Amino acid sequence: MRKHIVAGNWKMNNDLPSTQALISDLKSKEITSDAEVMIAPTFTNLFHGVEALKDSPIEVIAQNMHYAASGAYTGEVNADMLKSIAVNTVILGHSERRAYYNETDDSLAKKVDTVLEKGMRTIFCFGEELQDRKDGNHFSVVESQIKNGLFHLDGAAWSSIVLAYEPVWAIGTGETASPEQAQEMHAFIRTTIADTYGNDIADNVSILYGGSVKPANAQEIFSKPDVDGGLIGGAALNADDFFAIVNAF
Ligand code: PGA
């Protein structure tokens with residue numbers, strides 16, 4: 001059966017002292033739900049995070065990765081670099097990466113291939129923009145993002161894939177998709193996967209919701225049958241808020 005997952009995407013926040021402080025706050029909290037918990041600090045603080053959370057159930061994950069094995073890609077980080085510090089999960093395709101760094105379905109498909117070749121796992125993000133929703137294109141946009149990024153994979157690969165539906169209009173805006181809107185899209189995503197890969201694979205994929213999840217709305221969103229957790233931005237920067245969400249199942 002699919003897992004509940006709550007992952008904190010710290011984005012470009014927290015230098016080393018504030019990373020140390022937040023991690024020590026997180027370590028003082030108790031996970032009382034069945035959720036797998038992950039945090040994604042910035043690259044410079046991943047190694048500290050892994051060391052500091054060695055004996056904790058909280059997994060440290062990366063926010064991005066290059067698809068190439070190595071070489072002349074100034075400023076980039078590859079899979080082996082992450083694996084060498086025990087980071088085995090990477091967020092790919094976040095809307096900020098797609099919008100500001102020109103990440104395309106094609107480059108993301110290559111990154112997913114590298115994740116699988118290297119025996120890693122990904123939280124693969126996608127979601128429509130406000131105009132897409134206004135135009136009634138949200139289902140077709142999401143369908144093409146997941147098909148172009150992931151549907152070249154074989155069935156076995158899906159055990160290494162977690163999905164994160166993040167409507168762009170709800171990220172960092174305080175505006176959350178309603179629990180019904182999230183459920184509707186998550187059910188659509190699961191059906192789309194089932195149509196190609198069958199019910200078993202579709203039922204076992206965790207589909208996270210992301211976009212202004214807060215302690216006040218987490219429980220209602222997570223109560224929806226096809227919502228298996230959250231990818232949390234702003235609220236992940238405060239240990240009390242993050243753990244209120246982790247324990248909202
Ligand atoms: P938010 O960000 O929770 O601050 O809206 C979510 C995300 O971008 O992953």
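Just so you know, ligand 1 is whichever comes first in the structure, and atom 1 is the first atom listed for that ligand. Keep in mind that this is a model prediction, so the values were computed, not measured. Side chains are part of it too, since the values below use all heavy atoms of this structure and drop only hydrogens, waters and symmetry mates.
Evaluation of the salt bridge (Lys or Arg N to Asp or Glu O under 4.0 Å) rule for Glu180 yields Lys224 as partners, not counting sequence neighbours.
Residues Gly93 and Glu103 approach most closely at N-OE1, 4.0 Å, considering heavy atoms. Between Asn247 and Glu30, the closest heavy-atom pair is ND2-O, 3.0 Å.
In terms of polar-atom proximity, defined here as any N/O pair under 3.5 Å, Lys214 makes no such contact with ligand 1. Between Gly172 and ligand 1, at least one N/O pair is under 3.5 Å apart. Of the polar atoms of Thr173, none of the N or O atoms is found under 3.5 Å from an N or O of ligand 1, judged by distance alone. When only interatomic distances are considered, the shortest N/O to N/O separation between Gly210 and ligand 1 does not fall below 3.5 Å.
Interface of Gly211 with ligand 1, defined as ligand atoms under 4.0 Å from a residue heavy atom, comprises 5 (O). The distance from ligand 1 to the heavy atoms of His94 drops below 4.0 Å at these ligand atoms: 7 (C), 8 (O), 9 (O).
In this structure, the protein non-hydrogen atom closest to atom 4 (O) of ligand 1 is Gly234 N, 2.8 Å. Nearest non-hydrogen protein atom to atom 7 (C) of ligand 1 is Glu166 OE2, 3.2 Å. Looking at atom 3 (O) of ligand 1, its nearest protein heavy atom turns out to be Gly233 N, 2.9 Å.
Residue Ala170 touches ligand 1 through its backbone alone, judged by heavy-atom distances below 4.0 Å. Of the heavy atoms in Asn9, only side-chain atoms (C-beta onward) come closer than 4.0 Å to ligand 1.
Looking only at atom types and distance, the side chain of Asn78 has no donor-acceptor partner in the side chain of Ser70 under 3.5 Å away. No side-chain N or O of Asp25 forms a donor-acceptor pair with one of Ser28 less than 3.5 Å apart.
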Evaluate side-chain contact (heavy atoms from CB on, under 4.5 Å) for Thr42 paired with Trp10, printing each intermediate quantity in order. CA-CA 7 Å; Thr42 193; Trp10 290 11; over 6 Å; no
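With respect to Arg190 and Asp203, no salt bridge is recorded, no charged nitrogen being found less than 4.0 Å from a carboxylate O.
Legend: ring pair (Phe, Tyr, Trp, His ring centres under 6.0 Å) pairs involving residues 95-117, not counting sequence neighbours: none detected.
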